[in-house]
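Inspection log for the structure reproduced underneath, given as structure tokens.
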Amino acid sequence: MRLHTFYQVARILGDLGIGRNKIFEILMKKEIINNRHIPQQKFIDAGYLQYKLKEKYLASKKIYYVVLYATDTGIGWLRNLLIDETTVV
């Protein structure tokens with residue numbers, strides 16, 4: 001299973017004209033991810049999303065942050081979700 005960062009997801013789904021930040025905004029609005037970009041367990045179990053806890057040092061202080069990934073299956077699911085979200089009736 002390949003994992004794609006949301007920078008890559010935005011490029012793959014570029015034909016939809018939606019950037020990475022807008023995708024995050026939609027996912028938060030639909031309560032798929034929280035404000036720290038951690039997905040609900042059911043979307044992990046479905047094989048759509050994954051996340052990893054990373055660390056970095058800032059002014060010699062260790063800081064942890066979350067990186068959200070979409071799986072190959074998740075790319076198709078996101079495409080359908082975003083098309084439904086952005087379709088004007």
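Because the structure is a prediction, the values reported are computed rather than measured.
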Testing the basics here: between [X] and [Y], what is the closest heavy-atom pair and its distance to 0.1 Å?
| X | Y | answer |
| --- | --- | --- |
| Gln8 | Thr5 | OE1-N, 2.7 Å |
| Gly19 | Ala10 | C-CB, 4.1 Å |
| Gly47 | Thr73 | O-CB, 3.9 Å |

Problem set entry | Sole candidate of Val67, Leu13, Asn21, Ile23 that passes side-chain contact (heavy atoms from CB on, under 4.5 Å) when paired with Phe6 | Ile23

Exercise. Do any pairs count as a side-chain hydrogen bond (donor to acceptor under 3.5 Å, both in side chains) and have a residue in residues 41-63, sequence neighbours left out, and if so which ones?
Worked result: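 As it turns out, the side-chain hydrogen bond (donor to acceptor under 3.5 Å, both in side chains) pairs with a partner in residues 41-63, which skip direct neighbours, are Gln41-Asp45.
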
Would [X] end up clustered with [Y] when hydrophobic side chains under 4.5 Å apart are linked, directly or stepwise?
| X | Y | value |
| --- | --- | --- |
| Ile33 | Leu3 | no |
| Leu27 | Tyr65 | no |
| Ile18 | Tyr69 | no |

Taking atom [atom1] of [X] and atom [atom2] of [Y], what is their separation to the nearest 0.5 Å?
| X | Y | atom1 | atom2 | result |
| --- | --- | --- | --- | --- |
| Leu82 | Leu16 | CG | CG | 6.0 Å |
| Ile32 | Phe43 | CD1 | CZ | 4.5 Å |
| Asp84 | Lys30 | CG | NZ | 8.0 Å |
| Glu85 | Lys22 | CD | NZ | 7.5 Å |

Exercise. Thr71 and Arg2: side-chain contact (heavy atoms from CB on, under 4.5 Å), yes or no, with the steps?
Worked result: CA-CA 6 Å; Thr71 64; Arg2 281 187 22 202; over 6 Å; no

Exercise. Heavy-atom distance under 4.5 Å between the side chains of Asn34 and Gln40, does that happen here?
Worked result: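 Not touching, per the 4.5 Å side-chain cut-off.
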
For this session: Using a strict cut-off of less than 4.0 Å between a Lys/Arg side-chain nitrogen and an Asp/Glu carboxylate oxygen, indicate whether Arg79 and Asp15 qualify as a salt bridge.
Result: yes

